[in-house]
Amino acid sequence: PAAGGDLVAVSEAADPSASFCDHTWQLVLRQTTAEPPADPGSWLNSLGETNASAPTFSILDRLEAFRDARGGFTLQLRWPQLGNASRNTWRQASNPALERSAEPRGFEPVELRYRR
């Protein structure tokens with residue numbers, strides 16, 4: 001994927017009966033360079049947690065708070081520099097901060113716009 005992506009999650013405060021477009025998104029991770037941090041495990045700790053506009057930001061250690069009543073997460077990956085067609089939205093049951101695998105458990109595509 002292109003460098004400079006944001007990972008957002010549907011906020012726990014979102015009304016589950018609301019239409020998809022009405023959800024409130026919360027930034028959980030931002031990487032603005034093509035190179036990940038020297039220590040990949042550092043993403044699992046809060047990085048820049050008090051400044052969501054920082055070039056490197058992560059609250060992945062708090063992702064579990066975004067688990068919904070269905071037992072999963074609704075996530076969206078955005079590449080803002082590529083425009084509106086550059087976002088992918090999906091649901092998954094596994095928490096990527098806690099479960100490491102090539103494929104997320106319970107993956108359900110919602111809207112996949114960006115294809116490389």
Side-chain angles (χ1 to χ4, degrees):
D6 293 343
L7 177 67
V8 294
V10 168
S11 170
E12 63 189 70
D15 178 356
S17 65
S19 72
F20 179 73
C21 294
D22 294 332
H23 289 307
T24 301
W25 294 97
Q26 170 71 45
L27 180 68
V28 294
L29 182 132
R30 171 176 292 129
Q31 179 181 341
T32 59
T33 65
E35 294 299 316
D39 174 16
S42 67
W43 286 114
L44 301 179
N45 301 313
S46 295
L47 295 171
E49 64 183 296
T50 59
N51 183 4
S53 62
T56 303
F57 176 87
S58 174
I59 57 168
L60 281 176
D61 58 333
R62 296 188 223 150
L63 188 60
E64 202 58 38
F66 295 92
R67 190 176 292 277
D68 62 26
R70 292 174 48 199
F73 303 95
T74 301
L75 302 169
Q76 185 176 86
L77 189 55
R78 301 173 178 173
W79 294 273
Q81 73 280 14
L82 298 179
N84 218 12
S86 63
R87 31 183 92 194
N88 289 336
T89 307
W90 70 96
R91 288 191 42 75
Q92 68 183 62
S94 56
N95 180 336
L98 301 176
E99 299 176 45
R100 306 284 175 103
S101 67
E103 294 185 23
R105 185 172 43 82
F107 177 82
E108 300 171 31
V110 174
E111 184 176 32
L112 303 178
R113 292 182 183 181
Y114 181 73
R115 299 188 191 273
R116 185 172 178 180

Original post:
Is Arg62 salt-bridged to Glu64, going by a charged N under 4.0 Å from an acidic O?
Top reply: no
**OP:** Taking the side chain as every heavy atom from C-beta outward, state whether Trp90 and Glu111 have any pair of such atoms under 4.5 Å apart.
**Re:** no
**OP:** Give, for atom CD of Gln92 and atom CZ of Arg67, the distance between the pair rounded to the nearest 0.5 Å.
**Re:** 9.0 Å
**OP:** Decide yes or no for Phe57 and Val28: does some side-chain heavy atom of the first lie under 4.5 Å from some side-chain heavy atom of the second?
**Re:** no
Subject >> Heavy-atom side-chain proximity of Gln26 to Phe66 below 4.5 angstrom >> reply: yes
**OP:** Using atom types as modelled and distance alone, determine if a side-chain donor or acceptor of Ser86 lies under 3.5 Å from a backbone N or O of Trp79.
**Re:** yes
**OP:** Please round to the nearest 0.5 Å and tell me the distance separating atom OG of Ser94 and atom CD of Glu99.
**Re:** 5.0 Å
Original post:
Short question: side chain of Asp68, backbone of Phe73 - any donor-acceptor pair under 3.5 Å?
Top reply: no
Original post:
Can you tell me how far the CG atom of Leu77 sits from the CZ atom of Arg113, to the nearest 0.5 Å?
Top reply: 13.0 Å
**OP:** Applying side chain to side chain contact (heavy atoms under 4.5 Å, CB included), run through Asn88 and Gln76 and close with a yes or a no.
**Re:** CA-CA 5 Å; Asn88 289 336; Gln76 185 176 86; over 6 Å; no
**OP:** Using a 4.5 Å cut-off on heavy atoms from C-beta on, say whether the side chain of Leu75 contacts that of Thr89.
**Re:** no
Original post:
Atom CG of Leu27 and atom CD1 of Ile59: how far apart are they, to the nearest 0.5 Å?
Top reply: 7.0 Å
Subject >> Minimum heavy-atom distance between Asn95 and Ala97, given as atom pair plus value >> reply: OD1-N, 2.8 Å
Original post:
Under the side chain to side chain contact (heavy atoms under 4.5 Å, CB included) criterion, do Val110 and Arg91 qualify, and how do the steps go?
Top reply: CA-CA 7 Å; Val110 174; Arg91 288 191 42 75; 4.0 Å; yes
